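Report on the following structure.
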Amino acid sequence: MAFFNKLGSLTRQSISQKGQVPVVSMLNSIRCMSSSRLFIGGLPWSTDDQTLKDAFSGFGEVTEARVIMDRETGRSRGFGFVHYDSVENASEAVAAMDGQDLGGKTVRVSFAKERRPHYQRELTF
DNA sequence: GTTGAGCGTT
């Protein structure tokens, strides 16, 4: 199952990270995977919400798809978020879409970090 | 008419 394969991958990845207590970053990885929100990086500048949703709608119900726009210029910042109705579907999307070509760019798909209030932005855990 | 690692206005 892709979910547990990815968990093992993230665990090994977190243990090799520098400057962090392994168990802390491992718990962060597990916490991220308990969510069905995905971070999508490396998007072409032309990608919009609907394009993003279409690209990720083959692995389950996409409840939200958003390309983050620059608040001043209104142009894409080249990344976005996709929400699924379940963690399992999100996991399948990571396995299937990470590293794939989308509009000529190689996209990076991973579980999103927990969205935190601004006053906690500098905190790791 | 530009950019290319990152983690989002509610």
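Because the structure is a prediction, the values reported are computed rather than measured. Within every chain, numbering begins at 1; the chains are lettered A, B, ... in the order of the sequence lines, protein sequences first and strands thereafter.
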Exercise. Going by ring centres under 5.5 Å and near-parallel planes (under 30°), is A/Phe81 stacked on B/dG8?
Worked result: yes
Exercise. Do A/Tyr84 and A/Ile68 belong together in a cluster built from hydrophobic side chains that touch within less than 4.5 Å?
Worked result: no
Exercise. A/Ser76 side chain to A/Met69 main-chain N or O, any donor-acceptor pair under 3.5 Å?
Worked result: no
For this session: Can you tell me the distance, in whole Å, between the CZ atom of A/Phe79 and the C1' atom of B/dT9?
Result: 12 Å
Exercise. Out of B/dG4, B/dG8, B/dT2, which nucleotide sits closest to the side chain of A/Glu64?
Worked result: B/dG8
Problem set entry | Options B/dT2, B/dG4, B/dG6, nucleotide nearest the side-chain atoms of A/Arg75 | B/dT2
Seminar exercise, completed: Rounded to whole Å, NZ of A/Lys105 lies from P of B/dG6 at a distance of 15 Å
For this session: Measure from CG on A/Leu38 to C1' on B/dG8 and round the result to the nearest Å.
Result: 14 Å
Problem set entry | Interatomic distance, A/Leu43 CG vs B/dA5 C1' [rounded to whole Å] | 13 Å
Problem set entry | Euclidean distance, A/Arg75 CZ relative to A/Ser46 OG, rounded to 0.5 Å | 13.0 Å
Problem set entry | Nucleotide of B/dG4, B/dT9, B/dC7 approaching A/Arg66 most closely (side-chain heavy atoms) | B/dT9
For this session: Step through it carefully: locate the ring centre of A/Phe79, locate the ring centre of A/Phe39, and say whether they are under 6.0 Å apart.
Result: yes
Problem set entry | A/Trp45, nearest nucleotide to its side chain (from B/dC7, B/dT3, B/dG6) | B/dT3
Exercise. Do A/Leu43 and A/Val67 come close enough that some side-chain heavy atom pair is under 4.5 Å?
Worked result: yes
Problem set entry | Atom-pair distance (CZ on A/Arg77; C1' on B/dT9), nearest Å | 11 Å
Exercise. Roughly how many Å is it from CD1 in A/Ile40 to C1' in B/dG8, rounded to a whole number?
Worked result: 12 Å
Seminar exercise, completed: Of the candidates B/dC7, B/dG6, B/dT10, the side chain of A/Arg108 sits closest to B/dG6
Problem set entry | Residue whose closest nucleotide on DNA chain B lies nearer the 5' end, A/Pro44 versus A/His83 | A/Pro44
For this session: Using atom CG of A/Asp70 as one end and atom C1' of B/dC7 as the other, report the distance to the nearest whole Å.
Result: 15 Å
Seminar exercise, completed: On DNA chain B, more 5' by nearest nucleotide between A/Ala112 and A/Gly78 is A/Gly78
Exercise. Whole Å only: how far is the CG atom of A/Asp48 from the C1' atom of B/dG8?
Worked result: 17 Å
